[in-house]
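Remarks on the structure that follows.
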Amino acid sequence: MKIPEATNFIEQFINEELAAGKFEANGNKIHVRFPPEPNGYLHIGHVKAMCINFGVKERYDGTLNLRMDDTNPAKEDYEYVNSIVDALKWLGFEYDKLVFASDYYDKLYEIAEKYIIDGNAYVCDLSAEEITATRGTLTEAGTPSPYRNRSAEENLKLFREMKAGIYPDGSRVLRAKIDMSSPNINMRDPVIYRIAHVEHYRTGNKWCVYPMYDFAHPLSDAIEGITHSLCSLEFENHRPLYDWVIEKAGFPAPVPRQIEFARLNITNMLMSKRYLKKLVDEGFVRGWDDPRMPTIMGLKNRGVPPTALKKFCTDVGVAKAYSVVNQAQLDSCIRDELNETAERAMAVINPLKLTITNYSGEEELVFEKNPAKENSGVRKVKFTGNVYIDRDDFSENPPPKYKRLYLGGTVRLKGAYIVRCDEAVKDDSGEVCELKCTYFPETKSGSNAETTVKAKGVVQWVDALYGADAEFRRYQPLLKDEDYPDQDYAERLNKDSEKSFFGKAEPYLAESADGTPFQLMRTGYYKKCTDGGLLLSEIVSLKDSFNK
RNA sequence: UGGGGUGUCGCCAAGCGGUAAGGCACGGGAUUUUGAUUCCCGCAUUCGUAGGUUCAAAUCCUGCCACCCCAGCCA
């Protein structure tokens with residue numbers, strides 16, 4: 001078999017196994033899984049996990065199961081499984097099979113009975129508090145439960161009674177019988193089944209005992225024939241238990257192998273389902289797919305292209321070192337993609353009238369639809385000499401190196417002519433309300449006419465007469481500062497998080513005057529001239545991909 | 001203080017005994033119908049630290065330091 005070149009340490013590990021012939025028996029098929037718990041919407045952190053798993057699937061021509069890790073009925077719901085399926089679809093990740101851990105409840109229960117019969121598990125009557133108290137500490141061994149040596153018969157009877165529902169929640173649990181003095185606390189007789197008289201969103205009231213993650217996950221992997229179970233670093237301590245559970249169940253080799261990687265962190269972005277759920281539940285955002293949320297659906301509604309998300313995850317790489325990636329790197333990927341795909345248009349946020357005193361008539365100017373893309377076509381924009389420019393593109397007291405318009409200065413109206421500002425008309429309150437300018441006919445864009453007139457800057461404009469139809473005259477950013485949840489709340493929620501919640505989102509998305517959503521691309525303007533204001537130089541129609 | 005991990009440029013990250021890739025950010029220059037894009041150019045004599053092995057170490061060995069994870073009937 002041809003072994004592909006590894007792009008990260010996980011694939012390197014797989015390659016070594018392949019080279020050693022570990023999977024020869026099954027034709028060197030690699031089988032992975034992506035196992036979210038349907039208890040919330042997927043966020044950008046999950047995209048990294050997906051890229052890793054789907055990357056392995058593709059590179060080794062393997063298979064991938066999307067598995068709903070639904071072993072805790074209290075938290076899970078169909079709304080979330082649907083949202084997960086939708087997110088994968090939007091991202092373009094194609095899995096081979098959709099499976100549910102809850103599909104294995106019968107099988108898992110059988111294995112639990114086998115554990116009991118083999119003397120590897122016992123029913124423990126200790127309360128949750130007592131179990132905690134007898135588990136020991138980081139430095140001291142735990143003490144064995146008084147129920148640890150019950151006979152297999154008694155354990156079986158009790159466990160069946162638990163299943164039958166005659167015991168209340170919390171009265172008994174099934175524990176794995178491993179080692180109460182293990183330095184790894186996860187091995188100190190962990191609970192593998194608990195009683196919960198809770199309706200499960202899929203199995204209804206069929207069960208009142210549910211398997212724990214540490215029991216269900218490795219067995220689900222083994223049942224599905226997963227070869228590599230990729231998860232985040234915090235499960236490293238669980239690996240010995242993962243291996244133990246599979247071994248005692250008696251699965252034949254090759255048995256699934258758990259490999260851990262560092263999860264994604266981004267500056268200014270809160271990535272914890274628990275906190276995101278709070279924001280939704282407490283009404284700080286409009287929902288899981290609110291454009292301020294770092295969820296995949298939120299990002300989508302923010303105007304982020306899926307390819308940008310995937311590119312970002314690929315760029316960031318996979319390693320075992322804890323890390324926090326700068327949001328700038330995400331932004332860069334988004335801009336990169338948008339620059340390639342975005343259709344261009346001009347926009348004005350805070351209109352300021354600009355009248356060209358020596359121009360009459362009207363003409364149609366030709367623009368490239370997307371200068372970054374070859375043969376992207378053209379768009380035509382009508383020009384009458386009466387336009388609006390953005391207030392921020394005119395300064396009464398231009399700072400040094402100012403490149404836009406000021407009294408007596410010149411600027412190019414993008415795609416049109418260079419104009420000189422002769423007069424700034426003020427209203428009663430003393431605010432500039434109109435600019436009177438002179439234009440230079442020979443400076444028309446695209447013409448190579450000889451001229452001595454120069455302009456340092458280029459500004460966008462919208463025609464006063466045709467603007468509303470031709471280009472977008474006025475638009476509102478969808479996300480404003482005041483749309484962000486208050487920072488005190490953010491800090492109370494998660495003291496460790498850096499200041500803001502989701503990061504100051506780049507205003508990728510805006511709404512035009514007629515309510516049409518448009519995508520914005522940050523440019524140098526925004527970068528260098530934000531004094532509270534927001535100045536974008538490109539907007540893009542999002543009609544097709546936006547569906548809110 | 002037990003166990004498990006991790007430490008390479010401001011932020012990610014390659015590197016796997018032969019003399020420090022790449023991306024983001026940043027700085028400089030050129031082109032420009034967006035202060036954008038594109039295009040050049042610059043950006044770790046040094047790999048947590050102290051020793052040791054070797055002709056040769058970020059890579060091997062030893063000690064130390066820092067940070068992260070584990071005591072849910074969550075996943």
Side-chain angles (χ1 to χ4, degrees), chain A residues 7-8 12 35-37 39 69-72 74-76 124 126-129 131-142 169-175 182-188 190-196 210 212-214 216-217 231-240 260 262 264-267 273-274 311-312 314-333 335-336 339-340 344 346 365-368 371-372 401-404 412-416 444-446 456-460 521-529 535-538:
Chain A
T7 61
N8 56 241
Q12 202 167 329
E37 182 188 11
N39 66 345
D69 215 357
D70 53 358
T71 54
N72 185 356
K75 292 185 175 176
E76 298 144 5
C124 180
L126 256 26
S127 69
E129 297 70 44
I131 288 182
T132 302
T134 53
R135 187 151 25 221
T137 67
L138 296 178
T139 51
E140 300 161 69
D169 291 3
S171 59
R172 284 175 224 270
V173 292
L174 184 69
R175 291 229 254 168
S182 169
N184 182 342
I185 294 178
N186 295 301
M187 299 297 270
R188 319 237 260 233
V191 172
I192 56 177
Y193 258 94
R194 79 284 216 178
I195 301 172
Y210 292 94
M212 299 288 291
Y213 166 88
D214 280 317
H217 201 95
C231 62
S232 48
L233 247 29
E234 66 263 36
F235 293 104
E236 228 160 5
N237 296 326
H238 294 242
R239 200 190 324 150
E260 311 84 8
L264 176 65
N265 294 291
I266 301 174
T267 54
K273 269 197 215 167
R274 202 185 134 202
K311 167 78 160 45
F312 170 69
T314 313
D315 283 4
V316 156
V318 192
K320 293 194 75 166
Y322 172 88
S323 62
V324 184
V325 182
N326 276 334
Q327 198 195 328
Q329 190 147 359
L330 208 212
D331 293 336
S332 162
C333 289
R335 264 182 278 131
D336 226 45
N339 185 42
E340 271 302 308
R344 312 305 156 109
M346 295 190 289
L365 302 168
V366 177
F367 286 70
E368 289 171 73
K401 295 196 177 169
Y402 189 70
K403 297 178 81 165
R404 288 160 284 153
R412 172 176 293 282
L413 294 179
K414 184 175 159 68
K444 182 171 179 176
S445 284
K456 272 184 292 187
V458 181
V459 303
Q460 291 190 53
M521 189 172 66
R522 187 183 74 170
T523 70
Y525 263 140
Y526 179 59
K527 204 157 129 191
K528 301 202 168 157
C529 306
L535 242 195
L536 283 283
S537 44
E538 296 293 353

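Please read these numbers as outputs of a predicted model, since none were measured by experiment. We name chains A, B, ... by the order of the sequence lines, and we start the count at 1 in each one.
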On a whole-Å scale, what distance lies between the C1' atoms belonging to B:A36 and B:A20? 34 Å
When you check every protein heavy atom under 4.0 Å of nucleotides 69-75 of chain B, what one-letter string (B, S, -) results, 5' to 3'? BBBSBSB
Taking side-chain hydrogen bond (donor to acceptor under 3.5 Å, both in side chains) as the definition, give me every residue that meets it alongside A:Arg188, ordered by chain and number, with sequence neighbours left out. none
Of the options B:G35, B:A13, B:A25, whose atoms approach the side-chain atoms of A:Ala328 most closely? B:A25
Quick one: pull up OG in A:Ser323 and CD1 in A:Ile266 and give me the separation to the nearest 0.5 Å. 10.0 Å
What nucleic acid atoms does A:Phe312 come within less than 4.0 Å of, heavy atoms only: base, sugar-phosphate, or nothing? nothing
Could you tell me which residues satisfy side-chain contact (heavy atoms from CB on, under 4.5 Å) with A:Ala196, sequence neighbours excluded, listed by chain and number? A:Val198, A:Tyr210
Using a heavy-atom cut-off of under 4.0 Å over every strand shown, decide if A:Lys403 touches base, sugar-phosphate, or nothing. base
Hits for ring-ring contact (aromatic ring centres under 6.0 Å, His included) against A:Tyr193, two or more places apart or cross-chain, chain-then-number order -> A:Phe159, A:Phe215
Can you pull every protein N or O that's under 3.5 Å from an N or O on nucleotides 20-22 of chain B?
none

Check: protein-nucleotides 14-18 of chain B nitrogen or oxygen pairs below 3.5 Å:
residue, atom, partner, partner atom, Å
B:A14, OP1, A:Val318, O, 3.0
B:C16, N3, A:Gln12, NE2, 2.8
B:C16, N4, A:Gln12, OE1, 3.1
B:C16, N4, A:Gln12, NE2, 3.1

Between the base of B:G4 and the side chain of A:Arg239, is there a donor and acceptor pair under 3.5 angstrom? no
Mapping A:Lys456 and A:Thr139 onto RNA chain B by nearest heavy atom, which one lands closer to the 5' end? A:Thr139
